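Working notes for the structure below.
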Amino acid sequence: MQVNENFEPVIVAFCCNWCSYAGADLSGTNRLNYPSNVKIIRVPCSCRVNPMFILRAFQKGADGVILCGCHPGDCHYTSGNYFTRRRITLLYSMLDFLGIERNRTRLEWVSAAEGAKFAAVMNQFVEDVKKLGPNRRLEDLRCRKQ
Amino acid sequence: MNKNQKNWIDITSGVNVLKCMRCGKCSATCPSYDEMEYHPHQFVYMVEKGDIEPLLNSKSLYKCLTCFACVERCPRGVEPAKVVEAVRLTAVRQQGNNHLIPDMIPDMLDDDLPQQAIVTAFRKYTK
Amino acid sequence: MQEAMIKRAKELLADGTVNRVMGWKRGEFSYDITPAVFETAEELDAEFVCDDLTQANVSKYLIKESRKEGKILALLKPCDTYSFNQLVKEHRIIRENVYVIGIPGGPKIDIEKIKAKEISGILSVKNEDYTLKIETIYGTETMPYYEAISGKCENCKSKKHVVFDELIGEDGDVLESNRFEMVEKLENMTAQERYDFWRDQLSKCIRCNACRNVCPACTCENCVFDNPKSGIDNKAAADSFEENMFHIIRAFHVAGRCTDCGECSRVCPQNIPLHLLNRKFIKDINSLYGEYQAGADTTSRAPLNDYSTDDCEPSIVHERGVE
Amino acid sequence: MQRIGVFVCHCGTNIAATVDVKAVAEALGHEAGVVISQDYQYMCSESGQDLVKNAIKEHNLTGVVVCSCSPRMHENTFRKAAASAGLNPYLVEIANIREQCSWIHKDIASATDKAIVLGKAAVAKVHLNAPLTAGESPVVKRALVIGGGIAGIQTALDIAEAGFEVDIVEKEPTIGGKMAQIDKTFPTLDCAACILTPKMVEAAQNEKITIHSFSEVADVKGFVGNFTVTIKKKARFVDETKCTGCGLCTEKCPMKKVPNEFNMGLDNRTAVYIPFAQAVPKVATIDPNYCLMLKNGKCGVCSKVCTAGAIDYKQTDKMIEQKYGAIVVATGFNPIKPDKYDEFAYSYCPDVVTSLELERLMNAAGPNGGTLLRPSDKTHPHTIVFVQCVGSRCDDEKGKPYCSKICCMYTAKHAMLIREKYPDTEVYVFYIDVRTPGKNFDEFYRRAVEQYNVHYIKGMVGKVTPKADGKIDVQASDLLANEQLHINADMVVLATAIEPDKTARPLATMLTTQMDTNDFFTEAHPKLRPVESATAGIFLSGACQGPKDIPETVAQASAAAAKAIGLLCKNSITCNPCVAHSDELMCNGCSACEKVCPYGAITYQDKEFRMPDRSTAIRRVASVNPAVCQGCGACTVACPSGAMDLNGFSNSQIMAEVDAICK
């Protein structure tokens with residue numbers, strides 16, 4: 001595959017309010033860099049993320065979607081991220097089954113104290129998606145702005 | 001302090017000496033304690049400091065019975081016997097490196113020598 | 001067998017146990033067997049059909065029928081009983097209002113497979129000792145029975161009726177099937193090959209919604225794809241992606257609930273192997289969260305509404321199969 | 001038609017240094033529905049808020065987007081500002097362009113682009129925001145305290161003092177907990193019973209306090225201000241209301257060989273028993289595992305001698321249900337059993353005891369009436385060795401990784417008491433570190449060394465070997481002298497680690513509160529909210545939260561009580577309006593949402609609907625109790641039809657954000 005050096009992927013990150021969003025805030029407070037491609041959407045819990053949202057992001061032109069939640073066992077709502085883990089495992093497995101590149105999707109557990117981890121995860125993810133190039137397999141060209 | 005030596009001991013022993021909380025239970029439990037100049041807890045502490053030379057020159061190295069009582073009872077999972085073993089290996093290697101090289105084997109062979117003995121000697125003196 | 005069913009149905013109508021019968025009758029063509037509700041003995045005598053071509057799963061019809069006045073008799077093949085049970089579990093079918101008779105299952109005949117042999121103008125199909133005798137307007141044709149077996153019967157998972165009030169014929173067992181063979185084959189392809197496979201298949205989709213409408217797990221009062229408030233409503237396919245989205249979401253919505261009855265692929269006019277998506281979910285659920293057969297009982301927790309604290313991480317996708 | 005105002009904050013240079021705020025305000029001003037787009041130095045300042053308020057009034061805004069710091073910081077500030085200007089507070093959205101933009105990125109162009117996208121996403125979302133009203137939920141003016149040790153008693157007394165009803169649930173037949181078993185307390189050496197038992201009596205006599213002894217919490221439902229708790233009153237086969245506690249039955253009971261758990265099994269009790277003389281309630285309990293009547297149906301002595309007629313062999317477990325506004329957890333701790341440590345010979349040498357066993361051996365109400373004697377041969381011990389940190393600070397599966405905190409002090413106390421009472425006894429303490437932070441604590445330890453001449457030896461005991469002559473060989477290292485010692489001891493005392501009570505874990509599940517890996521309850525904030533759990537309305541008291549000594553436990557107990565009182569004082573609490581709701585017309589009644597709800601907020605009801613063809617149909621539909629729902633959204637994804645949605649984070653709102661970001 002051709003790697004375009006100037007390719008700037010669109011990355012959507014869903015972060016749960018209690019852990020990962022706070023972790024993202026912490027990486028800001030600590031001035032830890034990660035690429036500006038990453039745009040965060042706040043959700044109350046990772047279990048709020050409907051597979052439809054992830055597919056919608058791809059449909060509208062996202063090149064990668066990452067979902068962040070509290071570590072298993074630490075969910076503010078006790079069990080939300082356990083449901084997330086099952087749903088997202090099955091969804092990612094299905095996307096893989098349809099031939100979508102595995103590195104376009106990711107689930108990470110980031111606690112409110114893990115600002116450094118948040119930045120590291122985002123750096124890695126953006127790098128991985130950059131390697132894959134634009135999302136052609138799951139993108140809806142009709143919705144792409146010319 | 002010999003950094004390479006310390007690194008090598010850390011790696012070959014697989015022990016994180018920083019886990020030690022200096023309770024001395026290893027030495028309390030050691031059956032060879034009175035025979036030793038440096039005791040198990042001192043091995044751990046001196047390796048931590050990188051003060052390895054005195055250990056290499058001490059007879060204590062060979063007094064350790066490798067009974068693993070210290071490993072069994074250490075509350076922090078430090079495994080002092082493995083540290084002693086790693087220091088012992090360092091000493092063995094230093095003293096003309098390998099004590100046994102394959103070329104020496106043919107001369108040693110005779111009908112009475114069990115093959116097991118050669119294999120064991122090889123394992124013990126080379127590594 | 002058909003006579004035994006009609007006889008028993010008439011008895012149950014006569015003694016007032018039920019006031020309707022859920023069965024099948026012939027459609028526009030004699031081989032088009034369609035689900036139908038019968039209210040009298042006369043109707044049963046005249047129109048009731050249950051033969052080798054009767055494939056339709058009537059469970060879904062019972063959602064509405066079980067909410068009507070009086071009890072209805074349902075004749076269910078083994079695979080249909082799983083769908084029925086699942087719908088009872090989801091409070092969709094009111095069990096008390098249905099009298100279930102378990103009837104023998106397939107393998108059933110798929111008329112499309114006969115047509116594929118360039119046999120046309122079909123008037124009737126008869127099974128004579130595992131040879132099909134096909135009367136057509138051009139004369140009589142024959143072909144071996146097994147060559148015309150329906151896709152949904154090829155990998156039969158069970159001959160057991162998981163729910164019934166009485167049986168006509170004998171009850172069977174859960175079978176060892178190799179139904180995941182094709183899923184495994186796809187899993188072992190490269191990502192590009194898989195993508196090409198599904199691109200070929202899904203691009204045929206005309207968004208007729210037949211799969212959704214026949215599926216006994218797709219029983220929503222109002223489907224998200226029809227609901228303007230959902231934000232993803234769309235009727236017809238506007239672009240290739242939407243087929244992907246529709247089929248992924250549909251498979252996801254029925255994951256853990258799909259009994260693998262095979263109706264989706266049977267009714268697809270474009271012959272898209274949609275059941276493979278469902279089977280992929282079933283296979284993943286079985287291997288990651290323990291064996292689970294939707295509809296086998298009415299009490300267990302669906303795997304997607306359940307969890308274990310030591311479930312695997314999604315990164316397991318990276319560790320398996322071929323990238 | 002939407003009329004949206006956008007307000008971009010400079011945050012001094014925090015945002016303005018890397019984000020071109022003027023360009024952001026300019027770009028967002030062109031978004032559909034935006035009627036005013038301004039930037040300002042400090043939007044959260046009073047004048048900044050006035051800017052927002054005036055714009056709401058002047059432009060009659062229907063939505064506000066503030067591009068500023070994290071919503072975790074100032075969302076409430078701007079919501080309040082909007083509310084005071086007459087706009088529903090939930091029509092305000094924050095675009096986080098500080099923590100998640102200006103502080104992360106260095107390049108002004110890309111940071112500005114990102115800030116614009118984040119702003120657009122917020123504008124897209126606010127288009128779909130609906131005004132929400134926070135509901136009110138009444139507070140039941142009654143508290144439940146789980147555990148009747150010193151922590152639970154103190155909390156209950158404080159809550160009762162404030163005028164609220166409070167129930168104590170204690171699993172043992174009496175309240176008092178571990179403190180009742182202790183002989184003396186450090187650093188004052190006053191008698192534990194003398195300070196505890198008056199408090200027990202006070203709790204029993206306080207008319208606001210109800211004690212459910214020999215009871216367990218069986219089920220907890222509900223939420224802050226309105227918990228419904230099922231309490232299982234275990235059958236004690238004695239009618240509590242009739243028993244006078246005279247103790248005649250315990251004297252006459254023929255089954256006298258039951259290990260006495262109050263004395264750590266060092267002596268025996270009868271099958272019908274009162275744990276100790278000052279027990280509260282002072283009521284007998286029959287142990288069904290030993291009672292001959294209950295086991296074989298033959299005996300009945302206690303029933304015959306009881307003049308009050310309180311014995312009831314037919315009694316069964318009783319369930320009672322009660323509503324509470326607040327719950328305080330005070331489940332306490334237990335010392336671990338050191339039998340996994342073979343080297344200490346605890347499991348086979350009776351003269352190796354734990355500190356709590358020593359406490360009973362020295363107690364005037366203990367098995368030896370207060371004279372310290374060896375359990376094996378009842379002789380006076382002349383040499384006693386104390387071993388510190390048994391099972392504490394361990395990095396293996398036998399022990400606990402944490403410091404149990406109280407052992408250094410109670411060991412100093414034991415050593416001192418023994419030297420005081422039996423000056424002919426030599427006392428050795430093997431320590432790794434002596435940890436005595438606390439008022440008068442280190443002075444106390446120094447007194448043991450300097451005044452009482454207790455031999456403190458830096459080092460650990462490696463092996464304890466009982467010998468044929470009845471003595472015990474203690475092999476240990478003296479690290480400072482660099483030698484290995486052998487002490488010919490008469491007794492060995494192990495300062496065993498303490499662990500949370502075993503009932504705590506299932507309780508945490510019932511309460512939906514969090515625990516750490518050691519099963520200690522997790523506080524809402526380790527520094528700022530140490531006595532609250534993360535679950536609203538559930539408070540933590542005493543050692544269930546972490547190892548604590550008595551003064552600390554009492555302090556925390558009172559703090560937990562203060563928090564509970566603060567809650568009970570309110571007539572109602574404001575609920576989070578961002579909760580799930582079900583569209584009944586679309587609901588299938590399939591129960592998927594109910595299965596994933598961690599709070600039991602979803603119930604089903606059969607409702608009659610008019611169908612399009614004018615007929616009516618009865619359908620099973622879900623409904624969400626907004627006071628119970630916490631707004632996690634698990635149900636919204638479990639729902640296949642999309643009938644379930646979440647206020648403030650609706651499907652269409654999130655999808656609008658996705659679209660705005662991906663465009």
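Below, all heavy atoms of this structure are taken into account, side chains as well, without hydrogens, waters or symmetry copies. Model, not experiment: these values are computed from the prediction. Proteins get letters first, then strands, A, B, ... in listed order; numbering begins at 1 in each.
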Is there side-chain contact between [X] and [Y], with at least one heavy-atom pair below 4.5 Å?
X	Y	value
D/Asn588	C/Glu90	no
C/Glu221	D/Ser641	no
C/Arg257	D/Cys590	no

Notebook entry, point to check: chain C heavy atoms under 4.5 Å from D/Cys593: which part of the residue, side chain, backbone, both or neither?
Noted result: neither
Notebook entry, point to check: What part of D/Asp659 gets closer than 4.5 Å to chain C, counting heavy atoms only: side chain, backbone, both or neither?
Noted result: neither
For [X], I'd like to know if atom [atom1] has over 12 heavy atoms of other residues, nucleotides or ligands within 6.0 Å.
X	atom1	answer
D/Lys400	NZ	yes
C/Lys160	NZ	no
D/Lys595	NZ	yes

Next item on the list: Using atom types as modelled and distance alone, determine if a side-chain donor or acceptor of C/Asn305 lies under 3.5 Å from a backbone N or O of D/Val596.
Entry: no
Next item on the list: Report yes or no: does C/His253 contribute a side-chain atom to a donor-acceptor pair with the main-chain N or O of D/Pro640 at less than 3.5 Å?
Entry: yes
Margin query: Please report the interatomic distance CG(C/Asp226) to CE(D/Met586), rounded to the nearest 0.5 Å.
Written below: 11.0 Å
